[in-house]
Amino acid sequence: MKVRVDPERCQGHTLCAMIAPKAFQLDDIDGHSSAVSEDVPADQEEQVREAAHSCPERAIQLL
C-alpha cells in the first residue's frame, strides 16, 4: 500500500500523526502533515487506513 497527503487539503488537524505516528510527520511551522514514506510497511497499514478515514479534510490518499 502507498500513502500520500494532499498538501492543498491538509489543514493541520494532526489526527493522522496521533493515530499513525510512524507513518506521518508534521511540519514544525504550520503542523501540516506529510507521509514519512510513500510505501507503508505491512505492520502499519491498519493504522494508516484508520488515519485516512479519520482525516476531516480527506487529505490522505491510499493507493
Side-chain angles (χ1 to χ4, degrees):
M1 177 169 74
K2 294 185 182 290
V3 64
R4 292 188 187 138
V5 178
D6 182 340
E8 304 264 332
R9 297 184 89 171
C10 179
Q11 296 296 306
H13 296 287
T14 74
L15 294 173
C16 57
M18 288 189 275
I19 295 168
K22 292 181 181 177
F24 298 98
Q25 58 192 4
L26 302 176
D27 184 282
D28 290 337
I29 296 171
D30 61 12
H32 288 173
S33 178
S34 61
V36 172
S37 171
E38 185 176 87
D39 296 311
V40 178
D43 65 332
Q44 295 178 26
E45 287 184 2
E46 185 176 331
Q47 289 176 319
V48 170
R49 279 192 189 97
E50 184 180 342
H53 293 301
S54 298
C55 178
E57 306 301 332
R58 300 292 181 234
I60 301 170
Q61 302 167 342
L62 303 178
L63 310 166

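This chain uses plain numbering: 1 for the first residue, then up along the sequence.
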Going by side chain to side chain donor-acceptor pair (under 3.5 Å), name the pairs with one or both residues in residues 45-59, residues two or more places apart or in two chains.
His13-Glu57
What pairs with Pro7 under side-chain contact (heavy atoms from CB on, under 4.5 Å), at least two apart in sequence or on another chain?
none
Smallest separation among heavy atoms of Gly31 and Leu26, with atom names
O-CD2, 3.5 Å
Minimum-distance pair of heavy atoms, taken over all atoms of Leu15 and Pro56:
CD1-CD, 3.8 Å
For the residue pair Ile19 and Phe24, establish whether any side-chain heavy-atom pair is separated by less than 4.5 Å.
no
Taking the side chain as everything from C-beta on, heavy atoms only, tell me whether Cys55 gets closer than 4.5 Å to Cys16.
no
What residues join Leu63 in its hydrophobic cluster, counting side-chain heavy atom gaps under 4.5 Å, either direct or through other members?
none
Please name all residues satisfying side-chain contact (heavy atoms from CB on, under 4.5 Å) with Ala52, sequence neighbours left out, ordered by chain then number.
Ile60, Leu62
Per the salt bridge (Lys or Arg N to Asp or Glu O under 4.0 Å) rule, what does the pair list look like for residues 1-16, sequence neighbours excluded?
Lys2-Glu38, Lys2-Asp39, Arg4-Glu38
How would you list all residue pairs meeting side chain to side chain donor-acceptor pair (under 3.5 Å) that involve residues 16-31, not counting sequence neighbours?
Gln25-Ser34, Asp30-His32
Smallest heavy-atom separation, Ala20 atom then Ala51 atom, equals CB-CB, 4.5 Å
